[in-house]
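To keep things clear, I will list the structure first and then write my remarks on it.
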Amino acid sequence: MEIQKEKETEKDVVFVRRIMANRKRRGPLSPGWKGASLGLGVIAFILILIQANYLLMGYSFGKFFVGTFLFLLAAALISGLAALLLHGVKKLPSRYMWILLCSLIILLFCFIGPLEVSVVFIVLFAVVFSLFGALVYKFATGSYKQASNTRKIGAMACLSLIIVVIGAGSFWLIRAGDEAAPDVTLKQLKTSARYDGTSMNNPAEQGEYSVKSLLYGSPDNYRSEFNQSGSLTTQTVDASKFVEKWSAVRTKSLGFGPEAMPLNGKVWYPEGEGAFPLVLIVHGNHLMNDYSDPGYEYLGKLMASKGYIFVSVDENFLNFSPYEDLFLVSPLRNENPARGLLLLEHLQTWKGWNSDPVHPFYQKVDMERIALIGHSRGGEAIAIAAAFNKLGTHPDHGHIKFDYNFSIRSLISIAGTDGQYKPQGKPLPLEDVNYLALHGAHDMDVISLDSVKQYHRISYTKGTNYMKSLVYIYGANHGQFNGGWGRGDVVGLGNQLFNLHQIMPRDEQETIAKVFISSFLDATLKDQRQYREVFKDFGYAKEWIPDNLYVGNYYDSNTTLIADFHEDIDLQSTTIPGGSLMGENLQQWKEEKVKVKMGEADYSAVRLGWNSEASAELASYTVALPDHGVRTGKESSIVFSLTDARGKEEIGDSKELINFTITAEDRKGHEASLPLSHRSKLPPVIEGKLLKWPFSNAGNISEPVFQSYDFHLDDFNKMNPDFNPEQLSKIRMEFNLTKRGTVLLSDVGIRL
């Protein structure tokens, strides 16, 4: 009995101790936890004010206060609920847990970037400032007065170390990063004398026309500049079926709903009789109140001076807005179809003006020569517009009728997105349109080369005369294609995680845009075919653009594809019936879907690997043409696309560029050979190390971007006059100039 009573007494004591412990936990926080809460909470509050100032620029102080307060309230409620749920299953005080979780939400909102990097940075940030606050508060309240000297010294040493860490971290955050140069530049790759004495003028130079400008807009505009004296008037557009989750707050702020979207634009046009080709450019998703449409003035003035009517379209009301979207609680969704629809409605407006005898633009617009340019989401919007343009009904809403059918000849995607809108759940197809994609290798927003997907989905009808090209640019970012955006591509403080120092100067990026956009429009809208050579071979542009590393691809409707490696699982079959493929002494030979930064692409290539150090036998890959169906001659070219697929163990420290021999053989067995370097050695894979050290290698920093090659059969004939270009039988790649390597090969064909 006594033993049982003692056990019961012990249980009572334990129970009382637990109650006392719970009371202590629920009582006032100890100085350490109180300091940790203050240290973390204060810095998080300061940072959210800085971030809110960026996100809510252009709003009144009242909206800034309300927006920031509501966000903090939401973060406090969410974190408070989480802290309550975690009560009793953790060892941290509930009030500190509340502040910790709330601060983590705030910090995650401030430092938007690659998730894994942001999380690591934010956790370290929270730990450091919690320790800093705890130690400072304990010293300030005298908690260490009665402590031993050893403990005081230890605490002081720890505080000193934390101060050093905070100082170093602050310097790391403020600092722009480190310079980074490409392994090789365009002028080092393109050394042939063929580029000397070209008759082409620099397409980025001002043209002969004087430039004028004006504005047009819908009545009762949310932006008064579009309704100034002298502005042209347009009608509104009902696009309510083309967007989702348009909030009442957005309607109240803008003064209109989705059933009355305005048609606003700024026009730069040449002073002259005309008729002039029409070019529309549209921005992408940015802060709604930080207007993006003025940022293309540098292009507008250039193209107008060269005889184009150039319009920068305002679609800012479709953009991200933290206040109207309740800090992403209720964002506008699936608005890209509306972006595309509005472009077609702008064209409808221009068609009306061009046919109105009393309008100042009467018969000044060449409606048979139209181009659309889109930046970011605008790059997808122009593809949607081009697709809708040829349809009789909306692909997802048959009751919505279309009747546009404009002569949209050319599309230019600048750092464009792809796949945010899929009609009927399918990737958007395009046919018979000229297409140019420009993309920066150091784009911190659209990190992967999204527009290459649309590039591969464009098909051409036999007998037409269209082209498509892709330009991938080392050191270019997302924002500097727009004069109003910046070197950082993410939201506010998140830019401080990125290595901005490696981004090229704005004027250089604008020069690149002007050269390629102007060349493309001249080639496709004005039929100045000589400018197609710029896209076939960037060497022709090397004196016009900054000496940098560029990777480019070109394809046109005059090309007959022999092998695109997409048709079946037979390694020896060609796309066109009757041909064959054969590899000899290769260490790797397989066909595969191309892997990009964001998964797997919907196009394929063949992987070819060789190592002459391990085998004395020559490695080669032969494409045998079918006996019928492919016509060749002296004016024809062998074309193919390549990308370097070597791993780091193959490259080593030498960074040797891949080179090999291309041999052409006719039906009588006559052969002629040229090295790949006849055009250029294979450019290295561009590594877009976006983040600062030590995160610079985080995530996927590179992806295959294919460089196209064009070898004239006449050049082979010059190497061996017995070789007959009209009887081309085989194309053989002999891997004899670089001892070890791996490449991805695609789109082998003949261009007439």
- Message: If you apply the rule salt bridge (Lys or Arg N to Asp or Glu O under 4.0 Å), what do you find for Lys730 with Glu671, and how did you get there?
- Response: CA-CA 9 Å; Lys730 294 179 180 178; Glu671 297 182 349; over 6 Å; no
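Using a 4.5 Å heavy-atom cutoff, the side chains of Ile512 and Ile473 are in contact. The side-chain heavy atoms of Ile686 and Leu549, taken from C-beta on, include a pair separated by under 4.5 Å.
Taking the six-membered ring for Trp, Phe516 and Phe538 have ring centres closer than 6.0 Å.
For the atom pair Gln727 CD and Leu713 CG, the distance stands at 12.5 Å (nearest 0.5 Å). Of the inter-residue distances, the one linking Ser376 atom OG with Ile414 atom CD1 reads 10.5 Å to the nearest 0.5 angstrom.
Side-chain polar atoms of Thr575 and Asp564 form a donor-acceptor pair below 3.5 angstrom. With no hydrogens or angles considered, a side-chain donor-acceptor pair links Thr417 and Glu380 at under 3.5 Å. Side-chain atoms of Thr461 and Asp432 form a donor-acceptor pair, as typed in the model, at a separation below 3.5 Å. Under 3.5 Å, the side chains of Asp522 and Tyr308 contain a donor-acceptor pair of N or O atoms. In the model, Asp537 has no side-chain atom that pairs as donor or acceptor with a side-chain atom of Tyr554 under 3.5 Å.
Proximity of a side-chain donor or acceptor of Glu665 to a complementary backbone N or O of His670 within less than 3.5 Å is not detected. For Thr738 (side chain) and Asn659 (main-chain N/O), a donor-acceptor pair under 3.5 Å exists by modelled atom type. Side-chain atoms of Asp666 come within 3.5 Å of backbone N or O of Asn724 as a donor-acceptor pair. The closest donor-acceptor contact from the side chain of Gln424 to the backbone of Pro395 lies under 3.5 Å. Of the possible donor and acceptor atoms, none in the side chain of His566 sits under 3.5 Å from a partner among the backbone N and O of Lys593. The backbone N or O of Pro725 sits less than 3.5 Å from a side-chain atom of Thr632, completing a donor-acceptor pair. One N or O on the side chain of Arg409 and one on the backbone of Glu368 form a donor-acceptor pair closer than 3.5 Å. Distance alone, capped at 3.5 Å, places no donor-acceptor pair between the Ser641 side chain and the Asp747 backbone.
For Asp710 and Arg751, the salt-bridge test passes: some basic side-chain N is under 4.0 Å from an acidic carboxylate O.
For the pair Lys468 and Tyr455, the distance from NZ or CZ to the six-membered ring centre is under 6.0 Å and the angle to the ring normal is within 45 degrees.
Within a 6.0 Å radius of CZ in Arg631, other residues, nucleotides and ligands contribute 12 heavy atoms or fewer. When the shell of 6.0 Å around CG of Asp196 is examined, it contains more than 12 heavy atoms from other residues, nucleotides or ligands. Within 6.0 Å of CD in Glu635 there are 12 or fewer heavy atoms belonging to other residues, nucleotides or ligands.
Using cut-offs of 30° and 60° on the angle between ring planes, the pair Trp544 and Tyr531 is tilted. Aromatic ring orientation, His394 versus Phe402: tilted (interplanar angle from 30° to 60°).
Arg679 pairs in a side-chain contact (heavy atoms from CB on, under 4.5 Å) with only one of the listed residues (Lys536, His712, Gln707), which is His712. Tested against Tyr709, the residues Tyr555, Phe660, Phe640 include a single ring-ring contact (aromatic ring centres under 6.0 Å, His included) partner, Phe640.
The two atoms that bring Gly416 and Val446 nearest to each other are O-CG1, 3.8 Å, heavy atoms only.
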